> 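Pasting a structure here, questions to come.
Note that this is a predicted model, so its numbers are computed, not measured.
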Amino acid sequence: DLINRAFVFPQETQDSHVQVMAKPEQPLQNFTVCLQSYTDLTRPYSLFSYATKVQDNEILLLKPKSGEYRFYVGGKFVSFHVPTGTMEKEHVCASWESTTGIVGFWFNGKPWPRKGLQKGYTVGTEAVIVLGQKQVSFRGGFDAQQSFMEEISAVYMWDKGIFNRGVLEAMRDIPFEAPIFGWRNFPYKMVGEVYLKP
């Protein structure tokens, strides 16, 4: 149970990350990822990377610059533009459904206009899930210039879509829908210079 705690990445490194020691048991036709970050980085950085043997960007939540999030499914992405210069914690959720390809995106609890991505695609299950680095290849190959610095917390993943109410529940760490993994029962392994702090 990691409530009221955060993973702290104190400096840019080639290898420091958190590996999530859980993954879906079945291929994903729908999913949602939520997390909270707190940083003043302006260069590109990766928050959530889900890689399989056939696709290193199977699921990826990347911030290429201030004011933009990129959400990848199966190697392709859509962008969402968000306010800049707030220097506050940023809570984001992204959901995707295969049958329509519709992507939902929420920034600090507010829904952004929905977009389309990879209709009919299926996300594989033999995956490595990493926080704080972008996987260039399955089980490794990180790029320090896309590494995350500072704080990540409140990480959740579901094998279904969640909507406005579910996003607000995730922000408060009181999800009604049971996640594949979540902050109240989070299986993790810290690698390199990462610390778990209140």
Side-chain angles (χ1 to χ4, degrees), residues 1-10 15-39 45-52 58-63 69 71-73 89-98 103-109 122-135 138-140 142 147-198:
D1 188 341
L2 302 186
I3 298 301
N4 298 322
R5 296 206 270 179
F7 291 119
V8 179
F9 301 74
D15 60 350
S16 297
H17 65 278
V18 175
Q19 184 173 346
V20 182
M21 308 303 290
K23 55 192 175 186
E25 296 178 357
Q26 302 293 330
L28 293 173
Q29 301 287 336
N30 308 276
F31 70 85
T32 305
V33 172
C34 295
L35 57 80
Q36 181 171 266
S37 63
Y38 191 31
T39 179
Y45 59 84
S46 173
L47 289 159
F48 182 98
S49 171
Y50 178 118
T52 63
E58 189 76 276
I59 303 171
L60 177 65
L61 185 60
L62 179 78
K63 198 167 184 189
Y69 280 91
F71 178 59
Y72 289 73
V73 176
K89 292 181 179 179
E90 295 187 356
H91 185 274
V92 295
C93 289
S95 71
W96 172 82
E97 60 181 33
S98 176
V103 173
F105 184 84
W106 291 260
F107 180 77
N108 289 341
T122 298
V123 172
T125 55
E126 190 177 346
V128 174
I129 305 174
V130 164
L131 308 178
Q133 293 277 2
K134 180 183 180 296
Q135 298 179 77
F138 187 66
R139 297 191 185 282
F142 301 132
S147 66
F148 178 77
M149 288 173 56
E150 283 117 48
E151 303 179 21
I152 293 177
S153 60
V155 183
Y156 292 89
M157 183 177 189
W158 292 265
D159 57 359
K160 62 183 72 177
I162 66 169
F163 303 98
N164 293 350
R165 176 181 169 183
V167 169
L168 295 175
E169 290 169 349
M171 285 183 70
R172 301 186 190 106
D173 285 311
I174 50 168
F176 176 74
E177 298 280 357
I180 300 169
F181 54 82
W183 213 234
R184 289 188 169 274
N185 184 17
F186 197 76
Y188 68 92
K189 176 184 176 183
M190 294 187 294
V191 179
E193 195 173 355
V194 186
Y195 304 95
L196 186 61
K197 293 291 183 181

> Closer than 3.5 angstrom, by distance alone: can the side chain of Thr39 be matched with the main-chain N or O of Met149 as a donor-acceptor pair?
yes

> Do any N or O atoms from the side chain of Trp183 and from the backbone of Ala170 form a donor-acceptor pair under 3.5 angstrom?
no

> Within the structure provided, determine whether Thr122 and Gln29 are in side-chain contact (heavy-atom separation under 4.5 Å).
yes

> Mind checking what makes salt bridge (Lys or Arg N to Asp or Glu O under 4.0 Å) contact with Arg165, not counting sequence neighbours?
Glu169

> Return the set of residues passing ring pair (Phe, Tyr, Trp, His ring centres under 6.0 Å) with Phe48 (not counting sequence neighbours), or none when no residue passes.
none

> Using the test ring pair (Phe, Tyr, Trp, His ring centres under 6.0 Å), find all partners of Trp106 that sit at least two apart in sequence or belong to another chain.
none

> Measuring only between side-chain heavy atoms, which start at C-beta, is Pro24 closer than 4.5 Å to Phe31?
no

> Holding to ring pair (Phe, Tyr, Trp, His ring centres under 6.0 Å), I want the full list of residues that pass it with Tyr50, two or more places apart in sequence or in another chain.
none

> Only one of Lys160, Glu58, Met157 forms a side-chain contact (heavy atoms from CB on, under 4.5 Å) with Leu28, so which one is it?
Met157

> Between side-chain atoms of residues 90-97 and protein atoms elsewhere (two or more places apart, or another chain), which donor-acceptor pairs fall under 3.5 Å?
residue : atom : partner : partner atom : Å
Glu90   : OE1  : Lys63   : NZ           : 2.9
Glu90   : OE1  : Tyr69   : OH           : 2.4
Glu90   : OE2  : Lys63   : NZ           : 3.4
Trp96   : NE1  : Leu117  : O            : 2.8
Glu97   : OE2  : Thr100  : OG1          : 2.4

> Can you list, pair by pair, the side-chain donor-acceptor contacts under 3.5 Å of residues 185-198, counting residues two or more places apart and other chains?
residue : atom : partner : partner atom : Å
Glu193  : OE1  : Gln11   : NE2          : 2.6

> State yes or no: are the ring centers of Phe176 and Trp158 separated by less than 6.0 Å?
no

> For Glu126 and Thr52, indicate whether the former's side chain and the latter's backbone hold a donor-acceptor pair under 3.5 Å.
no

> Between Glu25 and Thr125, does the side chain to side chain donor-acceptor pair (under 3.5 Å) criterion hold? Intermediate values first, please.
CA-CA 6 Å; Glu25 296 178 357; Thr125 55; over 6 Å; no

